[in-house]
Every structure is written in C-alpha cells, then in structure tokens.
Visitor: 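Got a structure here, written out as structure tokens. Questions coming.
Numbers for residues simply follow the sequence, beginning at 1.
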Amino acid sequence: MPELPEVETSKRGIYPYCLNQKIKTIEVRNSRLRWPVNEDISEKMSGQTIIEIVRRGKYLLLITESNSLMIHLGMSGSLRICEATRPVEKHDHVDIELQNGKIIRYNDPRRFGCVMLNPDKLNHKLLIKLGVEPLESEFSAEYLYKACKSSNQPIKSLIMNSQIVVGVGNIYAQESLFRSKIKPTRKANGLSRKMVADLVNSIKQILSQAIEAGGSSLKDFTSAEGKPGYFQQTLDVYGRSGQPCKQCGKELKKIIIAQRATVFCSSCQK
C-alpha cells in the first residue's frame with residue numbers, strides 16, 4: 001500500500017512535467033473507483049492550468065486557478081508519466097492529458113483509490129481533519145508528547161492515527177519504533193519526554209530516507225517514471241518475523257496490534 005514516501009515520490013515524479021501545464025482533456029475508462037469519478041471531470045478541468053502540486057497526507061492535489069484534482073492511490077494505485085502513444089494496460093483507469101503531449105496515467109488494480117474534482121482544495125472534508133505533516137516543524141517532540149499524555153493506547157497505534165500525524169503507515173511505524181528502541185505495545189502515556197523526542201527524530205529520519213530511496217516497492221508501487229523504490233532493502237523489522245535482529249541477533253517476533261502485523265525485537269525495544 002503506498003504510504004507517505006511513495007506518494008511524495010509520485011509527486012516529485014510528475015512535478016516537472018505538469019507544473020504550469022494546461023490540461024488538454026481527461027479520459028476516464030473506468031469511473032468505478034473508491035468514489036466514482038465525476039462525470040463532468042473533463043469538462044470542468046480541460047483548459048485549466050496546473051499552478052501548484054500539493055501532497056497532504058497520502059492525497060495529491062493538482063491545483064488550478066479555480067479548481068483542483070484530488071488523487072489518492074488507495075491500496076494499489078500508481079501514477080505514470082507517459083506519451084500518448086503508450087499502449088493502454090488493463091488497469092489504466094484515468095488519463096490526464098496535458099498540452100505538452102504528456103499524460104498522467106492513473107493505474108489501480110484494486111480500484112480503491114480516487115481521482116475526483118475538489119473545488120474546496122485543502123478545505124475538502126477528507127483533508128480538514130488530518131493531523132500535522134511529520135516532516136514539518138509542527139511535528140515536534142512537544143507536540144507528540146502532549147498527544148501521548150492523553151492516550152493509553154499502544155504507541156504504534158497512536159503514531160498511525162492520521163488525525164494526530166499523517167502518513168506514518170505500518171511499514172514506517174515499525175521501522176521508526178525499532179530505531180528509537182521503543183516496544184510497539186508500550187502505552188503512549190508511559191513514554192518519557194526523551195523517548196518521545198527519539199521517536200520523533202526516528203520518524204523524520206526514516207521517512208526522509210524512504211523518500212530519497214524512492215519509497216518501498218513491497219507489492220505494486222513504482223514511481224511516476226516507472227522505477228521501483230529501494231527503501232525495502234534497508235528494512236530492519238518490517239516483514240522480517242522469525243529472522244535475526246540486525247542489531248543483537250535475537251529472533252524477531254510478530255504480534256498483532258489493531259489488526260496489523262507488527263514485528264519487533266524483544267531485546268532491543270523496551
């Protein structure tokens with residue numbers, strides 16, 4: 001499932017091709033995504049110039065003077081930059097054709113993402129309740145410590161709560177907790193200020209490194225240029241249940257937290 005680094009990688013991939021470009025037309029081959037694609041999407045967006053490209057959490061917004069397109073990659077979605085002559089594949093549901101001849105092609109085998117008109121831009125109902133961005137200054141040790149003090153849920157669940165901080169999905173939550181030596185089942189309100197500060201630093205480091213590596217291509221994800229991400233090659237715990245810890249050599253354990261598989265080291269993480 002594409003998480004924040006994968007979405008940021010997609011944003012950076014399409015950015016140089018579509019910023020300040022006029023949308024020529026939008027072709028919808030299959031409108032049955034998580035939310036149906038607007039019937040008048042091409043009529044409303046054709047002739048509009050993309051003046052800004054924003055990522056908010058796992059959503060991408062292609063903003064024009066009077067409207068915007070909001071894209072979510074869902075469980076298996078991806079964006080590609082391609083020429084109009086590129087053959088259409090089975091799950092290529094939406095083409096955003098630009099005046100420069102490039103196409104932003106939305107592919108989604110499971111159809112759990114979305115491409116929708118969004119006149120409210122950043123004030124859309126799906127965006128206004130989102131928490132702070134983890135790579136921005138608002139996500140600080142003091143901010144997370146205050147959130148932790150009022151919660152007795154496992155710390156892994158808290159940092160995956162998008163109303164507190166966006167984009168820390170299952171992969172990156174496990175990796176950040178391992179790097180900060182915090183057991184994922186520890187109660188959030190039991191963490192010290194230092195532990196929280198270490199965790200904030202780890203989250204920022206892990207996400208930044210994942211973005212630079214182009215994301216984690218664990219299943220379907222590749223970048224807008226069609227290149228796979230390579231961060232999965234550096235994973236310490238995610239998907240490594242039963243294997244030796246890279247730090248101490250002890251066998252990694254797998255548990256379930258909030259219906260999500262979670263791998264950790266019982267020796268290194270306390």
Visitor: Are Glu39 and Ser31 linked by a side-chain donor-acceptor pair shorter than 3.5 Å?
Guide: no
Visitor: Before accepting this row, confirm whether a basic side-chain N of the pair Arg179/Glu175 lies closer than 4.0 Å to the acidic partner's carboxylate O.
Guide: no
Visitor: If I compare all heavy atoms of Gly167 with all of Lys58, which pair ends up nearest, and what's the gap?
Guide: CA-CE, 4.4 Å
Visitor: Keeping the roles fixed (side chain from Tyr143, backbone from Ile164), state whether a donor-acceptor pair exists under 3.5 Å.
Guide: yes
Visitor: Going by heavy atoms in the side chains, are Asn67 and Thr64 under 4.5 Å from each other?
Guide: yes
Visitor: Could you check whether any side-chain heavy atom of Ile155 comes within less than 4.5 Å of a side-chain heavy atom of Ile182, counting everything from C-beta outward?
Guide: yes
Visitor: So, are Glu83 and Lys102 salt-bridged, with charged N and O less than 4.0 Å apart?
Guide: yes
Visitor: In terms of side-chain heavy atoms, does Lys253 have a donor or acceptor partner in Ser241 at a distance below 3.5 Å?
Guide: no
Visitor: Would you please test Ser151 and Gln153 for side chain to side chain donor-acceptor pair (under 3.5 Å) and show each step?
Guide: CA-CA 6 Å; Ser151 175; Gln153 65 181 313; 3.2 Å; yes
Visitor: For the residue pair Asn152 and Asn189, confirm or rule out a side-chain donor-acceptor distance under 3.5 Å.
Guide: no
Visitor: Is it true that Arg105 and Glu89 make a salt bridge, defined as a side-chain N closer than 4.0 Å to a carboxylate O?
Guide: no
Visitor: Mind listing the closest non-hydrogen atom pair of Arg12 and Pro16 along with its distance?
Guide: O-CD, 3.3 Å
Visitor: Calculate, to the nearest 0.5 Å, the distance between atoms CD and CG belonging to Gln269 and Leu177 respectively.
Guide: 6.5 Å
Visitor: Can you measure from CZ (Arg110) to CE (Met75) and round to the nearest 0.5 angstrom?
Guide: 4.5 Å
Visitor: So which heavy atom on Phe139 is nearest to which on Pro134, and how close?
Guide: CD2-O, 3.3 Å
Visitor: To the nearest 0.5 Å, what is the distance between CG on Leu4 and CD1 on Ile206?
Guide: 13.0 Å
Visitor: For Arg80, is there an ion pair with Asp92 - N to carboxylate O distance below 4.0 angstrom?
Guide: no
Visitor: Is there a path from Leu135 to Val132 through hydrophobic residues (I, L, V, M, F, W, Y) whose side chains come within less than 4.5 Å of each other?
Guide: yes
Visitor: With clusters defined by side-chain heavy atoms of hydrophobic residues (ILVMFWY) lying less than 4.5 Å apart, directly or transitively, does Leu60 cluster with Val115?
Guide: yes
Visitor: More than 12 non-hydrogen atoms from neighbouring residues, nucleotides or ligands closer than 6.0 Å to NZ on Lys187, yes or no?
Guide: yes
Visitor: Kindly compute the distance separating CD (Glu6) from CG (Leu79), expressed to the nearest 0.5 Å.
Guide: 12.5 Å
Visitor: Does a side-chain heavy-atom distance below 4.5 Å link Ile96 with Leu69?
Guide: yes
Visitor: Begin from the C-alpha positions of His124 and Met116 and carry the test side chain to side chain contact (heavy atoms under 4.5 Å, CB included) through to its verdict.
Guide: CA-CA 11 Å; His124 191 276; Met116 65 169 67; 3.9 Å; yes
Visitor: Is a donor on one side and an acceptor on the other found under 3.5 Å between the side chain of Lys254 and the backbone of Arg240?
Guide: no
Visitor: On a heavy-atom basis, which atom in Cys268 and which in Gln247 lie closest, and how many Å separate them?
Guide: SG-CB, 3.8 Å
Visitor: Assess whether side chain to side chain contact (heavy atoms under 4.5 Å, CB included) is satisfied between Asn201 and Ser180, documenting all intermediate values.
Guide: CA-CA 8 Å; Asn201 287 335; Ser180 54; over 6 Å; no
Visitor: In terms of hydrophobic clusters joined by side-chain contacts under 4.5 Å, are Tyr106 and Val88 together?
Guide: no
Visitor: Using a 4.5 Å cut-off on heavy atoms from C-beta on, say whether the side chain of Glu65 contacts that of Thr49.
Guide: yes
Visitor: Do Cys18 and Ile104 touch side chain to side chain, with heavy atoms closer than 4.5 Å?
Guide: yes
Visitor: List the atom pairs, with distances to 0.1 Å, where a side-chain N or O of residues 20-28 and a protein N or O form a donor-acceptor pair under 3.5 Å, not counting sequence neighbours.
Guide:
residue	atom	partner	partner atom	Å
Thr25	OG1	Ser42	OG	3.2

Visitor: Test your reading of the model: is there a side-chain donor-acceptor pair from Ser46 to the backbone of Glu43, 3.5 Å cut-off?
Guide: no
Visitor: Indicate, with yes or no, if Met160 and Leu73 share a hydrophobic cluster defined by side-chain heavy-atom contacts under 4.5 Å among Ile, Leu, Val, Met, Phe, Trp and Tyr.
Guide: no
Visitor: Apply side chain to side chain donor-acceptor pair (under 3.5 Å) to residues Lys156 and Thr262 and explain how you reach the verdict.
Guide: CA-CA 9 Å; Lys156 179 173 181 276; Thr262 306; 3.2 Å; yes
Visitor: Under the side chain to side chain contact (heavy atoms under 4.5 Å, CB included) criterion, do Lys181 and Met195 qualify, and how do the steps go?
Guide: CA-CA 8 Å; Lys181 302 184 184 302; Met195 294 172 76; over 6 Å; no
Visitor: Any idea which heavy atoms bring Ala173 and Ile159 closest together, and the distance?
Guide: CB-CD1, 3.9 Å
Visitor: If only atom types and distance count, is the side chain of Asp95 paired as donor or acceptor with the main-chain N or O of Glu97 below 3.5 Å?
Guide: no
Visitor: State, yes or no, whether a side-chain contact exists between Leu62 and Ile71 at a heavy-atom distance under 4.5 Å.
Guide: yes
Visitor: Quick check for you: to the nearest 0.5 Å, what is the distance between Cys245 atom SG and Leu252 atom CG?
Guide: 5.5 Å
Visitor: Examine distances only and state if a side-chain atom of Glu212 and a backbone atom of Ser208 form a donor-acceptor pair shorter than 3.5 Å.
Guide: no
Visitor: Shortest non-hydrogen contact from Leu191 to Tyr145?
Guide: O-CE1, 3.6 Å
Visitor: Is the backbone N or O of Lys121 less than 3.5 Å from a side-chain atom of Asn118, with the two atoms forming a donor-acceptor pair by type?
Guide: yes
Visitor: Is there a donor-acceptor contact under 3.5 Å linking the side chains of Gln174 and Asn170?
Guide: yes
Visitor: Flag the pair Asp198 and Lys194 as a salt bridge only when some basic side-chain nitrogen lies within less than 4.0 angstrom of an acidic carboxylate oxygen.
Guide: yes
Visitor: Using 30° and 60° as the class limits, which term best fits the ring planes of His72 and Tyr59: parallel, tilted or perpendicular?
Guide: perpendicular
Visitor: Given Met70, which partner from the list Leu117, Leu127, Ile63 fulfils the side chain to side chain contact (heavy atoms under 4.5 Å, CB included) test?
Guide: Leu127
Visitor: Would you mind reporting whether Ile50 and Tyr17 have side-chain heavy atoms less than 4.5 Å apart?
Guide: no
Visitor: What about Leu235 and Ile257, same hydrophobic cluster or not, with Ile/Leu/Val/Met/Phe/Trp/Tyr joined at side-chain heavy-atom distances under 4.5 Å?
Guide: no
Visitor: Within the distance-only criterion (no hydrogens, no angle test), does the side chain of Asn30 pair as donor or acceptor with the backbone N or O of Arg32 below 3.5 angstrom?
Guide: yes
Visitor: So how far is it from Gln209 CD to Tyr172 OH, rounded to the nearest 0.5 Å?
Guide: 11.0 Å
Visitor: If you count the non-hydrogen atoms of other residues, nucleotides and ligands that lie under 6.0 Å from NZ in Lys204, is the total more than 12?
Guide: yes
Visitor: Determine whether Phe178 and Ser202 make a side-chain contact, defined as any pair of heavy atoms from C-beta on separated by less than 4.5 Å.
Guide: no
Visitor: Check Arg56 with Glu133, please: is the shortest side-chain N to carboxylate O separation under 4.0 Å?
Guide: yes
